[in-house]
K.L.:
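Here it is, the structure in full.
Sequential numbering from 1 along the given sequence is applied to the chain's residues. All ligand and atom numbering here is 1-based and tracks the order in the structure.
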Amino acid sequence: MSFDVDALLAELDLDAKARLLAGQDVWSLPGLPRIGLRSVVLSDGPVGVRGVRWSPDDPSVTLPSPTALAASWDPRLAVRAGRLLAQEARRKGVHVLLAPTVNLQRSPLGGRHFECYSEDPLLTGMIGAGYVTGVQDGGVAVTVKHFVANDFETERFTADVHLSERALRELYLAPFELIVRRAKPWGIMAAYNSVNGTTMTQHDELLNGVLRDEWGFDGFIVSDWLAARDTVASANGGLDVAMPGPRTVFGEQLAEAVRGGEVDEDVVDEMVRRVLLLAHRTGALGGGPTPWQSTVDGEAIAREIAHRSFVLLSNETGVLPLRAPQSIALIGALAADPKILGGGSATVFPEHIVSPLDGLRKAVPPSTDLAFAIGADPRTTLPPATDNFRLRATAKAADGTRLAEFPLREAKINWIGELPRGLDLATLASVEIEGTYLPERSGTHTFAVTGPGDLRLTVAGQTLFDGVNLPEGGDVFTSIMQVIEQRREVELTAGELVDVSLTYWIPSEMAEFARGTFAWVTFALGHRGPVLDPDAALDEAVALAGKSDVAVVVVGTTAEVESEGFDRTSLALPGRQDELVRRVAAANPNTVVVVNAGSPVELPWRDDVAAVLLTWFPGQAGGDALADVLFGREEPGGRLPTTWPAKLEDAPVTDVTPEEGVLEYGEGVYIGYSAYAKTETQPAYWFGHGLGYTTWVYEELDVYPDDEGGARVRVRVRNSGTRKGREVVQLYLAPTERGDRPPRWLVGFASVEAGPGESVESDIVVPPRSAEVWRDGWRHIAGEYVLEASHSYAQPRLSTRVVLQKIR
Ligand code: BGC
């Protein structure tokens with residue numbers, strides 16, 4: 001379809017133009033039928049497409065967490081993930097996916113670590129470029145985020161990151177640059193934080209200077225939600241669109257600024273051109289989206305990415321894959337109620353979840369007996385009340401008038417962004433979850449309330465809680481994402497119906513914060529029936545492990561540990577999970593530990609168990625993929641995209657807390673593996689580590705330097721085991737003269753597949769940038785290097801000397 005942007009622009013007056021740059025609501029831009037422009041819809045991202053409703057009644061295919069995707073070390077798999085997401089976006093009428101997140105895993109404490117790809121900029125950029133290509137293949141735009149240096153959550157709205165130009169260029173900008181140059185993204189999201197004194201939504205030097213002029217980025221730049229603060233500085237600083245709406249710094253205020261001579265109308269025209277180009281690219285302008293045939297099977301790709309991402313950290317005794325054991329003890333609360341995705345804006349709602357328990361039940365051979373025990377329960381919030389509860393929600397005005405009533409499947413209200421039809425923020429004052437509960441068992445029942453603000457809980461006529469529930473400090477997002485729970489116990493009798501009611505009053509600060517437009521009504525009533533006491537639950541699991549052939553213990557983190565809006569403070573597994581693993585391992589030598597965590601956790605017992613398998617947040621099909629890998633139908637294909645410390649104190653960067661508003665990235669270019677190597681600290685597992693079910697011999701390494709200072713590298717590896725498998729060949733470059741450079745760094749990789757006894761070759765391009773450093777500009781450091789073909793950062797298999805120089 002022809003696209004004459006000048007002709008379209010000529011039809012718009014200043015007010016119409018300014019309006020196009022401000023969200024009309026939380027998730028969309030205004031349409032303008034007169035010029036054939038439909039409303040452009042934006043949605044999170046990155047493991048699924050949530051759509052405009054933040055609610056389980058609009059489910060999405062849920063892929064494994066972004067770090068898991070990166071653990072595949074396979075950009076082609078990322079392309080396929082992107083295509084599925086484009087398909088989902090088109091199904092839901094979404095034009096722009098707010099993803100991928102390509103900030104770096106600078107510290108294991110980073111709250112959104114699970115949402116980032118890697119500690120390494122090249123791996124991050126390559127996976128990100130694949131993802132962007134896949135999404136845009138389907139005619140759906142991305143916003144690569146959060147530009148830039150948003151690698152922590154504490155005080156994220158206001159923190160000013162101070163870092164050297166070199167660290168900025170070589171580390172934090174590098175993935176964005178690679179993606180812009182390689183995949184040509186249609187959008188970028190400007191972060192909340194400042195960089196060296198200027199907030200990112202008005203950072204002229206980085207937005208206009210680096211992104212547009214230097215790298216040739218031609219897409220639109222959107223603010224992170226509520227990140228744009230100043231009309232004039234944002235428009236002149238390079239921002240195109242301010243979200244969410246309808247009250248933003250653009251729109252009317254931008255038109256006023258032009259009339260007042262503070263912003264040139266040409267600047268506004270450029271902003272509008274970019275929004276029209278976005279609409280054109282995504283089919284929101286003119287005739288509609290370009291036809292695109294896609295029939296990606298969501299469940300199948302979710303399952304494939306999951307097993308390709310699982311990292312087999314150890315398998316000393318060769319217990320995996322399991323060989324038809326007579327009995328398996330499956331242990332751990334997360335085996336039945338797994339954590340499949342990280343919290344915060346990355347939340348989507350799968351239609352169904354396959355837990356490890358479901359997956360194993362389906363897959364165990366008929367001759368194998370599978371038994372389950374909770375052992376230890378790390379969850380610090382109870383699941384919403386559902387079985388044997390009959391509940392409804394009643395929305396009320398301040399004077400108690402009933403505004404609307406809704407049936408509830410589970411005792412949870414999550415109205416984020418928009419309220420249900422018929423309600424508005426101006427009149428809604430409280431919501432009550434009310435109904436009855438018929439206990440099946442007599443004994444101590446625990447009820448729990450979550451939700452930021454005033455709550456009152458009554459059960460069987462008794463008021464169990466009546467007060468304020470808010471976390472200390474933190475921003476208002478924190479109070480929503482960092483769930484605080486109040487628990488109360490009550491004795492109930494089986495078969496005796498009781499009344500239940502939980503009322504939530506919407507805090508006025510929330511309404512104010514959201515400028516009266518952004519709904520944030522989220523609270524829940526949790527419930528747990530009578531349970532074994534924690535000691536008895538542990539004893540039961542240990543006894544079960546002791547009489548089984550194999551024990552599979554699923555341990556991990558919870559929503560309260562890994563989410564957006566706050567950083568972590570500890571890498572320890574919550575609750576009594578370490579104790580559980582130790583006791584089970586003592587009772588059964590064939591103990592396999594499955595780690596269900598989005599980012600590094602301490603595994604102090606790692607040398608005392610038969611195998612450790614890391615499954616990340618594995619998405620909706622995680623339980624099936626786990627069964628595939630445990631029983632050997634598939635190989636665990638992942639390699640660590642980030643170095644795992646043995647304990648928090650060993651992690652080189654743990655400072656994620658700004659001081660007086662400033663966070664210094666004082667470590668410069670030394671993060672991740674470079675920092676461990678510099679300080680000679682031995683981590684639990686190095687970057688790139690991961691075992692498969694076969695073995696590999698590295699046979700040949702040939703390097704052909706080019707005139708541009710880079711090289712082409714050919715590596716031949718042979719599958720020396722007895723099963724078909726996949727190897728990720730990793731290339732590292734180590735300068736003979738280090739100077740102030742790290743000892744070695746990743747310069748390329750390829751994933752190859754071969755059957756038993758077969759050899760396979762990979763051809764890897766090492767770009768000239770690999771031998772460049774930033775010193776007031778990119779400088780190529782010619783000279784002698786050692787090029788290593790490795791199984792992981794710490795396991796070079798072949799190496800050769802090479803002289804790199806730039807002749808052209
Ligand atoms: C997050 C973004 C997200 C946006 C919209 C922000 O708080 O930082 O990553 O896309 O909300 O949900």
K.L.:
Do the side-chain N and O atoms of E88 and S60 include a donor-acceptor pair separated by under 3.5 angstrom?
P.N.:
no
K.L.:
Under the side chain to side chain contact (heavy atoms under 4.5 Å, CB included) test against H203, which residue among N208, L211, V195, N196 passes?
P.N.:
V195
K.L.:
Out of L42, D224, T101, whose heavy atom is nearest to atom 1 (C) of ligand 1?
P.N.:
D224
K.L.:
Whether the T101 and E115 side chains hold a donor-acceptor pair (N or O, under 3.5 Å, no angle test) is what I'd like checked.
P.N.:
yes
K.L.:
Please list, in number order, the atoms of ligand 1 under 4.0 Å from a heavy atom of S345.
P.N.:
1 (C), 2 (C), 3 (C), 9 (O), 12 (O)
K.L.:
Under 4.0 Å from a heavy atom of M189: which atoms of ligand 1 are those, numbered in the order shown and with their elements?
P.N.:
10 (O)
K.L.:
Relative to the heavy atoms of Y192, which atoms of ligand 1 are at a distance of less than 4.0 Å?
P.N.:
6 (C), 7 (O), 8 (O)
K.L.:
Identify, by atom number and element, the atoms of ligand 1 in contact range of R112, meaning under 4.0 Å from any of its heavy atoms.
P.N.:
1 (C), 2 (C), 8 (O), 9 (O)
K.L.:
Would you mind listing which atoms of ligand 1 come within a distance below 4.0 Å of any non-hydrogen atom of H146?
P.N.:
2 (C), 8 (O), 9 (O)
K.L.:
May I ask you to decide if the ring planes of Y192 and F157 are parallel, tilted or perpendicular, using 30° and 60° as cut-offs?
P.N.:
tilted
K.L.:
Do S599 and E562 meet the criterion of a side-chain donor-acceptor pair at a distance under 3.5 Å?
P.N.:
yes
K.L.:
Is there a donor-acceptor contact under 3.5 Å linking the side chains of R229 and S234?
P.N.:
no
K.L.:
Below 4.0 angstrom from a heavy atom of W27, which ligand 1 atoms are there? Numbered from 1 as shown, please.
P.N.:
5 (C), 12 (O)
K.L.:
Less than 3.5 Å between some nitrogen or oxygen of K145 and one of ligand 1, yes or no?
P.N.:
yes
K.L.:
Which of the numbered atoms in ligand 1 are below 4.0 angstrom from a heavy atom of E564?
P.N.:
1 (C), 6 (C), 7 (O), 8 (O)
K.L.:
Please could you name the atoms of ligand 1 that R156 approaches to less than 4.0 Å, counting only its heavy atoms?
P.N.:
7 (O), 8 (O)
K.L.:
Anything under 3.5 Å between a donor and an acceptor, one on a side chain of residues 656-666, the other on a protein residue two or more places apart or in another chain? List them.
P.N.:
from : atom 1 : to   : atom 2 : distance (Å)
Y665 : OH     : A149 : O      : 3.3
Y665 : OH     : D151 : OD2    : 2.6

